[in-house]
2 protein chains.
Amino acid sequence: MIDDDDTAPAGRQIDSVENAFNIIESIQELERCGVTELADHLDIPKSTAHIHLQTLRNLGYVVKEGEKYQLGLRFLELGGEVRHNRSIFQVARSEVDDLAGSTGEVGTIGYEENGQRVLVYRTEPFEGVSDNAPTGEFTEMHWTAVGKALLSQRTDDEVRDIIERFGLPRATENTITDVDELLTEVDEIRSRGYSVEDEERVKGVKSIAVPISDDANRAGNSAISITGPKHRFDEERIESELLPALRNAANVIELQYKHY
Amino acid sequence: MIDDDDTAPAGRQIDSVENAFNIIESIQELERCGVTELADHLDIPKSTAHIHLQTLRNLGYVVKEGEKYQLGLRFLELGGEVRHNRSIFQVARSEVDDLAGSTGEVGTIGYEENGQRVLVYRTEPFEGVSDNAPTGEFTEMHWTAVGKALLSQRTDDEVRDIIERFGLPRATENTITDVDELLTEVDEIRSRGYSVEDEERVKGVKSIAVPISDDANRAGNSAISITGPKHRFDEERIESELLPALRNAANVIELQYKHY
DNA sequence: ATCTGAGTTCAATACTATTGAACTGCATCG
DNA sequence: CGATGCAGTTCAATAGTATTGAACTCAGAT
């Protein structure tokens, strides 16, 4: 029997808590909003919106700036702590920093959560590269190097499940939108040990990733990557510089898990 | 009439949502936990803990890794978005990056929320400086340069209110723990336009901050700072280099608000 | 002065969050 | 190998409360 606990249980649940999080997400969407605006957005009575806002404000998770409500920075605090407690972040961070420093490209740590890729950490070798993919971002697996590396750690059935849930939306002409094509590629990644994303999500951007394997599964399902402008990522450089550096970093990380 | 809306309203509120956030905070404290562990920690029935965990898991804010529950990275995502939506972050980030680059010290952006100082952004000129104060951290005002700069934007009565709420805990022998002494210092900061923290929270660390003033109050109450080892922060350097650089950055930021 | 729109308060009701107890499954121990 | 204990899960009953529409306040616009 597979102990795959990843499918949500969906049993009985507490509606008011769900409502509260719907409200939180709506405030975030609207950035800043008033009571009526929020109520209209969610199609709920004003009084309901109001009492929820009061509750969240008492708890410090929502703040009122002038006439508008917005989410409080407590979420920033919580997010930082959540990341801090993930062992993969603790272990891999300095390696990825080094990686970025030595290659001069952006280094990232990615993680699988609920069938999507989460960008746990991102480090830039020099300043000025803008908010390309923000830390904490969730996205589909199929169009990022990290995502495909994560899929390669799963069985074909699990990959199919994930595709079923999120589909294969297209972003560029290179995006893989066919299930079988993706499964074939994932299989290749399994045998060669690394994944490449070539303008599959953003034009002009290329990326290479390797999964972090960890027998005890304390790292969860995670991967590290290097990302940069396509023109700097030719085959020659990938083979001779980027891939060895990535593999070395992955090795160091895996060793730390083994000897912990 | 003062439109100071900062005091929490504390009217009627939704208990199950409060319970949910107590559970969230407990999971964070425990890092990872089981149902019984959580129930014991909060002194609630197992069944209550269980249904809340299911709810939060369905919503994607809690994940189950192996046998243990932990907070999901959705909080990381949310935290990043919350910060991204704060105008002070948008406007001040690059200035603080430059500041850190040119002075070679750590630059930060701080914000007042619910009477405490929040570290919204932190940038390091070189690598390797460890997790001194993590992004998103909330702390009392009186023992940080940013906090004191923020207090200087408030009236004495408001400062008293804040002290009343959080007290003046001591961290080092330099920490200001006397109300009147703090009020005097805050007054000095008002007239000279910058604050200094000299080993008042952490031994060996010194810091200077200037408030960001913004007539339309679109920046909220915020401040920027430079922090570093005390031995590099002598009077001479502060006067001739650090303070001018800080003031310049603050000016640029304020101008952007004016001309927006 | 009136009207409009937003925020807030309130009382009634239907609903549901909470709870203890019972059940399951697993691992450990005798 | 059976018994025991422990963690997680399910369930039905009840007390309690989340939700709701309507009423009220207030500020600004007409």
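Predicted, not measured: the structure shown is a model, and the values here were computed from it. Side-chain atoms are counted along with the backbone in the values below, which use heavy atoms only and exclude waters and symmetry mates.
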Checking dT17(D), dT19(D), dG7(C) against the side chain of H52(A) (C-beta onward), the nearest is dT19(D)
Do you see a donor-acceptor pair shorter than 3.5 Å between the side chains of E31(B) and Q70(B)?
no
Let's see if you can work this out: which of dA7(D), dG7(C), dT9(D) has an atom nearest to the side-chain heavy atoms of Y69(B)?
dT9(D)
Is any side-chain heavy atom of V63(B) closer than 4.5 Å to a side-chain heavy atom of R57(B)?
no
Do Q116(B) and T139(B) have side-chain atoms, one donor and one acceptor, less than 3.5 Å apart?
no
Grab the CG-P distance between N22(B) and dA17(C) for me, whole Å please.
17 Å
Parallel, tilted or perpendicular: rings of F75(B) and F75(A) (30°, 60°)
parallel
Rounding to an integer number of Å, can you tell me how far N19(B) CG sits from dG16(D) C1'?
13 Å
Do the side-chain N or O atoms of Q54(A) get closer than 4.0 angstrom to the phosphate oxygens (OP1, OP2) of dG7(C)?
no
Partners meeting side chain to side chain contact (heavy atoms under 4.5 Å, CB included) with S47(B) (sequence neighbours left out)
P45(B)
Relative to Y121(A), does R83(A) satisfy both conditions: NZ or CZ under 6.0 angstrom from the six-membered ring centre, and within 45 degrees of the ring's axis?
no
Starting at CG of L53(B) and ending at P of dT10(D), how long is that distance when rounded to a whole Å?
13 Å
Which listed nucleotide (dG7(C), dA17(C), dT8(C)) is nearest to the side chain of S16(B)?
dA17(C)
Any donor-acceptor N or O pair under 3.5 Å, side chains Y257(A), S87(A)
yes
So what is the end-to-end bend of the helix from dA1(C)-dT30(D) to dG30(C)-dC1(D), with 5 pairs used at each end and the value given to 10 degrees?
30°
For the residue pair R32(A) and Y69(A), would you count it as a cation-pi contact if the rule is NZ or CZ under 6.0 angstrom from the ring centre and within 45 degrees of the ring axis?
no
In whole angstroms, the gap separating P of dA17(C) from CD of E18(A) amounts to 10 Å
Whole-Å distance separating the CD atom of Q13(B) from the C1' atom of dG16(D)
16 Å
Between C1' of dA18(D) and CD1 of I23(A), the distance in whole Å
12 Å
With the threshold set at 4.0 Å, does a side-chain nitrogen-carboxylate oxygen contact exist between R74(B) and E113(A)?
no
Indicate whether OP1 or OP2 belonging to dA6(C) is found under 4.0 Å from a side-chain N or O atom of K68(A).
no
Going by number, which of residues 37-51 of chain A have a non-hydrogen atom under 4.0 Å from DNA chain C?
K46(A), S47(A), H50(A)
To the nearest Å, give me how far apart CD (E67(B)) and C1' (dG25(C)) are.
11 Å
Which residue lies more 5' along DNA chain C, comparing I14(A) with T36(A) via nearest heavy atoms
T36(A)
